[in-house]
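Written out below as structure tokens is the structure these notes cover.
Small disclaimer: the values here were computed from a predicted structure and weren't measured.
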Amino acid sequence: MWWITPRPHRVRSGAAAPRVAGPLTPSWACESAPPRRRHLPARRPRRPAGLPQTGGAGCPQPDGAPPPAGLPQPGQAPPPRLWRARPPGQAPSERRAMPCGQPGSGGAAGPARCVLGVDVGSSVVKCHVYDRAAAVRGSGCRKVESLYPHPGWVELDPEVLWSQFLGVIKDAVQAAGLHMSQIAGLGISTQRGTFITWHKRTGKPFHNFISWQDIRSAELVDSWNKSLLLKVIHVIFTVLHFFTGNDRYLAPSFLTFSTQQTSMKLSWVFKNIHEAVEAAQENNCCFGTIDTWLLYKLTEGSVYATDYSNASSTGIFEPFTKCWNPTLCNLLSIPMSIYPPVKDTSFNFGSTDPEIFGVSIPIMAMVADQQAAMFGECCFHPGDIKLTMGTGGFWNVNTGEHLFASQRSLYPLIGWKIGKEVVYLTEGAISDIGTAIKWAQDIDLFTNVDETARMAQSVDDSQGVCFVPGFQASVDDPYLCASFVGLKPSTTRNHLVRAILESVAFRNKLLYDIIVKKVHIPLQTIRADGGVSNNSFVMQMTSDLINKKIEKPANADMSSLGAAFLAGLASGFWSDKEQLKKLRRIEAVFEPQKVSEEYRPAMDTWLQAMKHSLHR
């Protein structure tokens with residue numbers, strides 16, 4: 001993301017210091033091919049023969065059953081496009097793709113030689129153009145500024161996001177020296193939990209995107225968690241789990257709500273935005289995470305869908321039944337009619353409208369960012385672990401075909417669905433990793449993020465200073481604020497920076513210990529990615545604390561690579577996952593150099609600071 005290291009490291013056990021290898025020198029031009037003209041008409045998505053029609057709640061409909069009311073599904077004619085102006089006198093049928101080589105078409109055509117992976121993050125949109133060797137041929141990056149209309153509210157402007165999304169694709173393709181007609185497919189990875197609602201017929205949003213970081217639902221969360229009804233639910237499902245042994249009843253037996261859950265913020269929308277309520281009553285309200293909204297916009301409203309990874313990340317989708325959860329929706333007064341159909345992760349979602357890029361580009365994958373990073377790291381087997389350290393921190397364990405019931409601090413997700421293959425993950429999350437480091441830079445604790453590892457290593461310890469995270473709301477206390485504990489007159493910037501970085505490693509240790517205890521499958525090598533994975537101090541300290549080897553890939557932008565991999569598989573650009581494994585490139589391997597007990601005094605002090613900071 002915003003963290004870039006100029007040189008890779010490779011750390012081996014017993015080494016006094018990291019051994020520095022030379023920087024990678026990728027080729028930046030695809031092999032030439034004679035241009036040829038071709039006419040690319042707008043492609044309409046089709047439902048493959050034999051697949052059941054998907055209902056408005058994302059559940060399969062019996063063969064022969066009428067499709068649900070609402071927006072058309074892949075294979076159906078698009079609705080009237082009332083939300084985009086056309087030139088006077090031009091009918092929808094008159095719009096067609098411009099032949100390659102004509103003005104506005106992107107230039108001369110050529111054979112499809114690359115795929116696009118776009119990652120929509122919390123603050124930036126990134127796009128990479130990948131060739132068959134998974135080498136980056138061109139890149140683009142644009143900022144998306146968050147909006148803070150009220151204390152605790154975090155929003156994104158949908159029009160700004162749309163503009164930056166289109167711009168970054170054009171930037172990357174231009175940087176690669178390619179034409180849009182040479183793109184085999186587009187894969188889209190998006191931050192999870194950020195959503196919007198809009199009018200089905202007009203396409204007009206009822207509000208800005210509400211970010212996963214938003215805590216406007218804090219009072220609602222607090223009220224529900226203290227309610228008698230929730231206690232009754234706990235008792236009922238505890239009894240059901242005891243008599244049936246069915247893991248499906250385990251998660252509701254200790255269900256608690258948090259401000260990070262989409263369900264609570266969506267409930268807030270239907271309590272406070274009258275236009276959305278009215279539209280839902282008329283079956284004219286659409287709900288979508290960023291992927292769904294982008295797909296809707298890219299296809300001019302002709303396709304309305306999401307994928308299993310994004311749906312399962314909302315907390316409203318039931319992974320056991322693979323349907324939107326009607327019980328939870330009834331509990332929170334959320335209408336079931338608003339949800340999009342759910343499709344495979346690697347799937348032909350249709351093509352972009354030809355007016356957007358001059359030609360139609362197949363949209364071949366949509367995936368949530370953490371699941372995309374998991375796929376990009378080639379964590380295809382049970383026990384494979386991915387650690388992403390970006391704005392937040394996410395530990396994901398591939399649990400294969402087995403869906404682990406929710407545990408405290410861990411929750412199940414659908415990693416991806418490709419045809420009949422469904423891969424499940426268990427995830428644990430940490431807030432405020434990149435957020436805290438970026439804040440420290442903003443207040444001038446350091447000038448460049450590359451300095452932080454050196455600053456932390458320049459002092460023997462943090463001199464008793466502890467950083468208590470809390471920029472994002474916690475489950476136990478949504479009003480908890482970040483703080484430093486143990487400041488002294490002798491405290492320097494180096495001590496403060498070390499305290500921030502130590503808190504990342506300590507939280508990694510706590511979550512890893514929970515995974516070892518709760519996930520009863522053999523754990524494999526850990527593969528790290530994200531901007532903070534470029535920090536050698538955090539990586540080495542984490543390796544020491546958990547006593548495990550950690551691999552860091554040459555490309556830290558795993559979410560965009562994972563989206564590209566999934567799009568490439570759907571388009572035939574790559575043949576299978578075995579081919580993808582051969583494309584992995586490891587830049588550094590961090591192995592334990594100290595026993596974890598050497599960190600015990602510092603970690604005990606940090607745990608005490610955390611304990612005293614809660615509910616103060």
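- Between the side chains of Gln579 and Ser575, a donor-acceptor pair is found at a separation under 3.5 Å.
- From Leu561, atom CG reaches atom CZ of Arg585 across 11.0 Å, with rounding to the nearest 0.5 Å.
- The minimum heavy-atom distance between Ala305 and Lys343, with the atom names listed, is CB-CG, 3.9 Å.
- No donor-acceptor contact under 3.5 angstrom links the side chains of Thr194 and Gln213, judged on distance only.
- Interatomic distance, NE2 of His128 versus OG of Ser559, reported as 9.5 Å (0.5 Å rounding).
- Between atom NZ of residue Lys548 and atom CG of residue Leu523 there is a gap of 6.5 Å, rounded to the nearest 0.5 Å.
- Within the model, atoms NZ of Lys265 and OG of Ser258 stand 7.0 Å from one another, a figure rounded to the nearest 0.5 Å.
- Because its NZ or CZ atom is not both nearer than 6.0 Å to the ring centre of Tyr130 and within 45° of the ring axis, Arg137 does not count as a cation-pi partner of that residue.
- For the residue pair Thr292 / Asn310, no side-chain donor-acceptor distance below 3.5 Å is found, with atom types taken as modelled.
- In this structure, Phe195 has its ring center under 6.0 Å from that of Phe287.
- Under the 3.5 Å distance criterion, the side-chain polar atoms of Asn398 are matched with a main-chain donor or acceptor of Cys379.
- Between Asp119 and Asp369 the shortest side-chain heavy-atom distance falls below 4.5 Å.
- A distance of 4.0 Å separates CG of Asn508 from OG1 of Thr542, quoted to the nearest 0.5 Å.
- Under the side chain to side chain donor-acceptor pair (under 3.5 Å) criterion, the residue pairs touching residues 381-390 are Gln370-Lys386, Gln370-Thr388, His381-Lys581, Lys386-Thr388, Lys386-Asn396, Thr388-Asp529, with sequence neighbours excluded.
- In this structure, Arg142 is not positioned above the aromatic face of Phe165 in the sense of NZ or CZ being under 6.0 Å from the six-membered ring centre and within 45° of the axis.
- Two residues are said to be in side-chain contact when any heavy atoms from C-beta on lie closer than 4.5 Å; Leu425 and Phe404 fail this criterion.
- Side chain of Trp324 to backbone of Ile316: no donor-acceptor contact under 3.5 angstrom is found.
- Using a cut-off of 4.0 Å between Lys/Arg side-chain N and Asp/Glu carboxylate O, Glu587 and Lys552 are scored as salt-bridged.
- Classification of the Tyr512-Trp395 ring pair by plane angle, with boundaries at 30° and 60°, yields tilted.
- Between Trp212 and Ser122, the side chains place a donor N or O and an acceptor N or O closer than 3.5 Å (distance only, hydrogens not considered).
- The shortest distance between side-chain heavy atoms of Glu145 and Ser123 does not fall below 4.5 Å.
- Paired with Ser312 under the rule side-chain contact (heavy atoms from CB on, under 4.5 Å), one option of Val342, Leu413, Thr306 passes, and it is Leu413.
- Using a cutoff of 4.0 Å between basic side-chain nitrogens and carboxylate oxygens, Lys517 and Asp513 are not scored as salt-bridged.
- Summarising the local packing, CD of Glu551 is surrounded by more than 12 heavy atoms from other residues, nucleotides or ligands at distances under 6.0 Å.
- Lys417 and Asp344 are joined by a salt bridge, as a carboxylate oxygen and a charged side-chain nitrogen come within less than 4.0 angstrom of each other.
- Ring pair Tyr304/Trp198 is perpendicular by interplanar angle, where above 60° counts as perpendicular and below 30° as parallel.
- Aromatic rings from Trp416 and Tyr308 are positioned such that their centres are separated by 6.0 Å or more.
- The distance from atom CD1 of Ile433 to atom CD1 of Ile430, rounded to the nearest 0.5 Å, is 4.5 Å.
- When all heavy atoms of Asp307 and Ser309 are compared, the closest pair comes out as OD2-OG, 2.7 Å.
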